[in-house]
Q: 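Encoded as structure tokens, here's the structure I'll be asking about.
The model shown is predicted, which means the values in this text are computed figures rather than measured ones.
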Amino acid sequence: MSELLEKYRSKLLEPFSKEHECFLYWKGRVGLYAILKAAGVGEGDEVILPAFTCVVVPNAIIYLKAKPVYVDIQRTSLNAGFEDIRKARTDRTKAVIVQNTFGLSSELDQISTWCRQEGILSIEDCTHGYGGQFKSKPNGSFCDAAFYSSQWNKPFSTGIGGFVITAHDEHKQGLRELSKKLITPSWTERLSLSLQYFAKEKLLTDANYWNLLRLYRRLTKAGLLTGSSSGTEIENTAMPQDYFKAFSEVQARKGIKELKHLDQVIDQRKQAAHTYTEFLEKHGKYHVISELHRDHSFLKYPILVKERENFFKLAEAAKIRLGDWFISPLHPVKGDLSPWFFDRNEFPVSNEVSSQIVNLPLKVDLNKVQRFLEKHIDQLL
Ligand SMILES: *Cc1c(COP(=O)(O)O)cnc(C)c1O
């Protein structure tokens, strides 16, 4: 392994105990696939996961011929609760995926302890949570293994990228073996990423943000730019041919740079979230309740609105960059979710929340956002 990749891995492991090992992948989803495959999850097995996630999560399960079994979320935490997970368990349950949604983990101690007692593999989806903590331990250290993402808009970014952290000897062994099969990214993919780092640093302004965002989404959808999801991943459940891909040095170089100020960025996000909570609570609107703040590293701040499409238009006019996670229980797939074994009627909370949710930006002029919210307060739920 190259020195640069080695340096990046050791940086990522800094918050963890020395038993932990880190494995790098092209994307976070590839890391999840690797964990499941290394653990022997396959045909006839069931994997429990929250009914409010990114479609690439059930995809990784389906690629291995296992079945995703969803559990509805709680409106307060936007995560699946322990009791509901327990009820979803069958003789075929092989693994449970618990999600750190927008930086928040919940009931992880109970869930991971129960999984261990029952001989079920526990996995943390920490794609929103690197650098944060749950009950004073680093996110990703409760379960048997955790996967992370460094895609655009994740806690820190390498454009696209992912990794797995585990302290479990058997999993380490399995993941080491599997790593030998990773495909090397092509030079065009690596070049595309370098150009995007440059574009994001030098060209992005409030004036052109929405046009560039639309252009980026069109180009990645058409496969002309190395993006986070290839068209087919959100259209069907067939595994893309070059899915099992390795992480590259261009990404590692970017990651090392980004990690230097991550703690500071997280503190800033927490501060902003605190301000939003005070504001929303005062107005009697949906907010992240204060009890959850201690364990929340806040990648996004969720609010609920009445007419989301219209709300986005208002925000664009006011030049406020709202986030649109998760616009569907299996983000970003709209419409029929049955190819992913998902029936919207079975998960009323997720279905409703995903039709109302909007994320407030955390790294901006908070006064400007508050003035905007105040003006449209009747739109908030
Ligand atoms: C982004 C995301 C993923 C996938 O991460 P990638 O690096 O894009 O593969 C998985 N789960 C959730 C909840 C996510 O938001």
Q: Can any side-chain N or O of Asp72 pair as donor or acceptor with the backbone N or O of Val349 at less than 3.5 Å?
A: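 Such a contact is found between Asp72 side chain and Val349 backbone.
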
Q: Does any part of the side chain of Trp325, heavy atoms only, come nearer than 4.5 Å to the side chain of Asn153, both counted from C-beta?
A: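 The answer is yes, as the side chains (C-beta and beyond) meet within the 4.5 Å cut-off.
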
Q: Do Ile85 and Ile123 share a hydrophobic cluster (ILVMFWY, side-chain heavy atoms under 4.5 Å, transitive)?
A: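 Result: no, two separate clusters.
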
Q: Step through the shown structure and confirm whether more than 12 heavy atoms of other residues, nucleotides or ligands are within 6.0 Å of CZ on Arg176.
A: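 Above 12, so yes.
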
Q: Between His274 and Phe298, is any pair of side-chain heavy atoms under 4.5 Å apart?
A: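 No, too far: nothing below the 4.5 Å cut-off.
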
Q: Report, as yes or no, whether the 6.0 Å neighbourhood of atom CG on Asp343 holds more than 12 heavy atoms from other residues, nucleotides or ligands.
A: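 It does: Asp343 CG has more than 12 such atoms within range.
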
Q: Kindly give the heavy-atom pair with the smallest separation between Leu178 and Ala38, and that separation in Å.
A: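 Answer, listing the atom of Leu178 first, then Ala38: CD1-N, 3.8 Å.
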
Q: Between Glu46 and Thr90, do the side chains contain an N or O donor and an N or O acceptor separated by less than 3.5 Å?
A: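 Distance-only check passes for Glu46 and Thr90.
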
Q: Given Lys7 and Ile256, is the side chain to side chain contact (heavy atoms under 4.5 Å, CB included) satisfied, shown in steps?
A: CA-CA 8 Å; Lys7 181 173 172 191; Ile256 292 166; 4.0 Å; yes

Q: Looking at Glu21 and Lys172, would you say the former's side chain and the latter's main chain have a donor-acceptor pair under 3.5 Å?
A: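 Absent.
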
Q: Asp109 and Ser112: which non-hydrogen atoms are nearest, and at how many Å?
A: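 Taking every non-hydrogen atom into account, O-OG, 3.3 Å.
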
Q: Can the ring centres of Phe347 and Phe52 be said to be less than 6.0 Å apart?
A: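 Here the rings of Phe52 and Phe347 have centres that are no less than 6.0 Å from each other.
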
Q: Counting distance only, does the side-chain N/O of Gln251 pair as donor-acceptor with the main-chain N or O of Ser248 below 3.5 Å?
A: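 Yes, the answer is positive, given that a donor and an acceptor are paired below the 3.5 Å cut-off.
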
Q: For the backbone of Arg29 and the side chain of Tyr243, can you confirm whether one donor and one acceptor N or O come within less than 3.5 Å of each other?
A: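 Between the backbone of Arg29 and the side chain of Tyr243 there is a qualifying donor-acceptor contact (under 3.5 Å).
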
Q: Please list all pairs meeting salt bridge (Lys or Arg N to Asp or Glu O under 4.0 Å) that have one or both residues in residues 136-150, counting only residues at least two apart or in different chains.
A: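 Salt bridge (Lys or Arg N to Asp or Glu O under 4.0 Å) check on residues 136-150 returns Arg116-Asp144.
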
Q: Which is it for Arg75 and Glu352 under the side chain to side chain contact (heavy atoms under 4.5 Å, CB included) test, yes or no, and what are the steps along the way?
A: CA-CA 9 Å; Arg75 204 164 175 272; Glu352 185 177 78; 4.3 Å; yes

Q: Please determine if Arg371 and Glu374 form a salt bridge, counting it only when a charged side-chain N lies under 4.0 Å from a carboxylate O.
A: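 Answer for the salt bridge query: no.
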
Q: Where is the tightest heavy-atom contact between Asn100 and Ser105, given as atom of each residue plus distance?
A: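 For Asn100 and Ser105, the tightest heavy-atom pair comes out as ND2-OG, 2.9 Å.
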
Q: Which atom names give the shortest non-hydrogen contact between Leu49 and Val47, and what distance separates them?
A: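 In terms of heavy atoms, the two residues are closest at CD2-O, 3.6 Å.
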
Q: Quick one: do Thr76 and Gln74 satisfy side chain to side chain donor-acceptor pair (under 3.5 Å)? Show the steps, please.
A: CA-CA 6 Å; Thr76 42; Gln74 298 167 339; 4.7 Å; no

Q: Do Leu299 and Leu304 sit in the same hydrophobic cluster, where Ile, Leu, Val, Met, Phe, Trp and Tyr count as joined when their side-chain heavy atoms come under 4.5 Å apart?
A: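 Per the 4.5 Å side-chain linkage, Leu299 and Leu304 are co-clustered.
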
Q: Rounded to the nearest 0.5 Å, how far apart are CD1 of Ile377 and NZ of Lys375?
A: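 Taking CD1 in Ile377 and NZ in Lys375, the distance rounds to 13.5 Å.
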
Q: Decide yes or no on side chain to side chain contact (heavy atoms under 4.5 Å, CB included) for Lys245 and Val30, but give the supporting numbers first.
A: CA-CA 7 Å; Lys245 207 177 287 172; Val30 182; 5.6 Å; no

Q: Determine the minimum heavy-atom distance between Glu124 and Asn139, stating which atoms define it.
A: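 Nearest heavy atoms, Glu124 then Asn139: OE1-C, 4.0 Å.
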
Q: Taking atom CG of Leu262 and atom CG of Leu12, what is their separation to the nearest 0.5 Å?
A: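 Going from CG on Leu262 over to CG on Leu12, the span is 10.0 Å.
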
Q: Would you say that Phe326 contacts Leu78 through its side chain, given a criterion of any heavy-atom pair below 4.5 Å between the two side chains?
A: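 No, too far: nothing below the 4.5 Å cut-off.
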
Q: Hey, any chance Val164 and Val96 share a hydrophobic cluster, counting ILVMFWY side chains that come within less than 4.5 Å of each other, even indirectly?
A: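 Result: no, two separate clusters.
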
Q: For Phe279, is there any backbone N or O sitting under 3.5 Å from a side-chain donor or acceptor partner on His283?
A: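 Yes.
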
Q: After noting the C-alpha distance and the side-chain angles of Lys368 and Lys319, does the key distance pass the side chain to side chain contact (heavy atoms under 4.5 Å, CB included) rule?
A: CA-CA 10 Å; Lys368 182 170 143 185; Lys319 300 234 178 303; 4.1 Å; yes

Q: Between Ile120 and Ile48, is any pair of side-chain heavy atoms under 4.5 Å apart?
A: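 When only atoms from C-beta onward are counted, Ile48 and Ile120 do not touch, as no gap falls below 4.5 Å.
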
Q: Would you sort out whether Tyr301 and Thr277 count as a side chain to side chain donor-acceptor pair (under 3.5 Å), showing the intermediate values?
A: CA-CA 9 Å; Tyr301 195 100; Thr277 287; 2.6 Å; yes

Q: Closer than 3.5 angstrom, by distance alone: can the side chain of Arg344 be matched with the main-chain N or O of Gly335 as a donor-acceptor pair?
A: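 Yes, Arg344 side chain to Gly335 backbone: donor-acceptor pair under 3.5 Å.
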
Q: I want to know whether Phe163 and Tyr130 have ring centres closer than 6.0 Å.
A: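 Aromatic pair counts; centres sit under 6.0 Å.
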
Q: Can you hop from Phe142 to Leu292 via hydrophobic side chains spaced under 4.5 Å?
A: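 Hydrophobic grouping puts Phe142 apart from Leu292.
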
Q: Would you indicate whether the side-chain heavy atoms of Leu380 and Tyr286 approach each other to under 4.5 Å?
A: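 They are not in side-chain contact.
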
Q: Please round to the nearest 0.5 Å and tell me the distance separating atom CG of Asn59 and atom CD1 of Ile234.
A: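 Taking CG in Asn59 and CD1 in Ile234, the distance rounds to 10.0 Å.
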
Q: Go through the structure and list residues passing side chain to side chain contact (heavy atoms under 4.5 Å, CB included) with Ala246, not counting sequence neighbours.
A: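 Leu182, Pro185.
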
Q: How far apart are the closest heavy atoms of Ala238 and Asn236, and which atoms are they?
A: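 Minimum heavy-atom separation between Ala238 and Asn236: N-OD1, 3.0 Å.
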
Q: Please set out all donor-acceptor pairs under 3.5 angstrom arising from side-chain atoms of residues 306-318, sequence neighbours excluded.
A:
unit_1	atom_1	unit_2	atom_2	d
Lys306	NZ	Asp378	O	2.6
Arg308	NH1	Ser354	O	2.8
Arg308	NH1	Ile357	O	3.0
Arg308	NH2	Ser354	O	2.9
Glu316	OE2	Arg214	NH2	3.1

Q: Would you say the ring centroid of Phe102 lies under 6.0 angstrom from that of His296?
A: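 No - the distance between ring centres of Phe102 and His296 does not fall below the 6.0 Å cut-off.
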
Q: If I take atom CD from residue Gln379 and atom NZ from residue Lys285, how far apart are they, to the nearest 0.5 angstrom?
A: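 One gets 9.5 Å once the value is rounded to the nearest 0.5 Å.
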
Q: Within a reach of under 6.0 Å around CD of Gln271, are more than 12 heavy atoms found that belong to other residues, nucleotides or ligands?
A: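 Open.
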
Q: Tell me, do Val56 and Glu233 make a side-chain contact under 4.5 Å, heavy atoms counted?
A: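 SC-SC contact between Val56 and Glu233 confirmed.
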
Q: Between Glu189 (side chain only) and Ser186 (backbone N and O only), is there a donor and an acceptor less than 3.5 Å apart?
A: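 Looks like yes, one N/O pair under 3.5 Å.
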
Q: Mark yes or no for whether Thr101, through its side chain, and Asn79, through its backbone, hold a donor-acceptor pair below 3.5 Å.
A: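 Flag not set: sc Thr101 to bb Asn79 has no pair under 3.5 Å.
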
Q: For Ser150 and Thr158, which I'm curious about, is there any donor-acceptor pair between the side chains at under 3.5 Å?
A: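 There is such a pair (donor and acceptor under 3.5 Å, judged by atom type) between the side chains of Ser150 and Thr158.
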
Q: Less than 6.0 Å separating the ring centroids of Phe247 and Tyr8?
A: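 Phe247 vs Tyr8: aromatic centres under 6.0 Å.
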
Q: Are Trp26 and Tyr197 linked, directly or through other ILVMFWY residues, by side chains that come within less than 4.5 angstrom of each other?
A: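 Cluster IDs for Trp26 and Tyr197 match.
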
Q: Should Glu291 and Arg294 count as an ion pair when the cut-off is N to O under 4.0 Å?
A: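 Salt bridge flag = no for Arg294 with Glu291.
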
Q: Within the distance-only criterion (no hydrogens, no angle test), does the side chain of Asp295 pair as donor or acceptor with the backbone N or O of Ser106 below 3.5 angstrom?
A: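 No: the side chain of Asp295 does not pair with the backbone of Ser106.
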
Q: Quick one: does Tyr70's side chain get under 4.5 Å of Pro58's, heavy atoms only?
A: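 Tyr70 vs Pro58: side chains touch.
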
Q: Side-chain contact test, heavy atoms from C-beta onward, threshold under 4.5 Å: evaluate it for Glu281 versus Ser290 and give yes or no.
A: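 Counting from C-beta outward, Glu281 and Ser290 do come under 4.5 Å.
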
Q: Any sub-3.5 Å donor-acceptor pair from Ser141's side-chain atoms to Pro138's backbone N or O?
A: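 Yes; at least one donor-acceptor contact below 3.5 Å.
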
Q: Tell me, yes or no, whether the heavy-atom count around Lys11 atom NZ, taken from other residues, nucleotides or ligands under 6.0 Å, exceeds 12.
A: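 No, NZ of Lys11 has 12 or fewer neighbouring heavy atoms, counting only those of other groups under 6.0 Å.
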
Q: Distance alone, cut at 3.5 Å: any donor-acceptor contact between the side chains of Gln117 and Thr113?
A: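 Absent: no donor and acceptor within the cut-off.
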
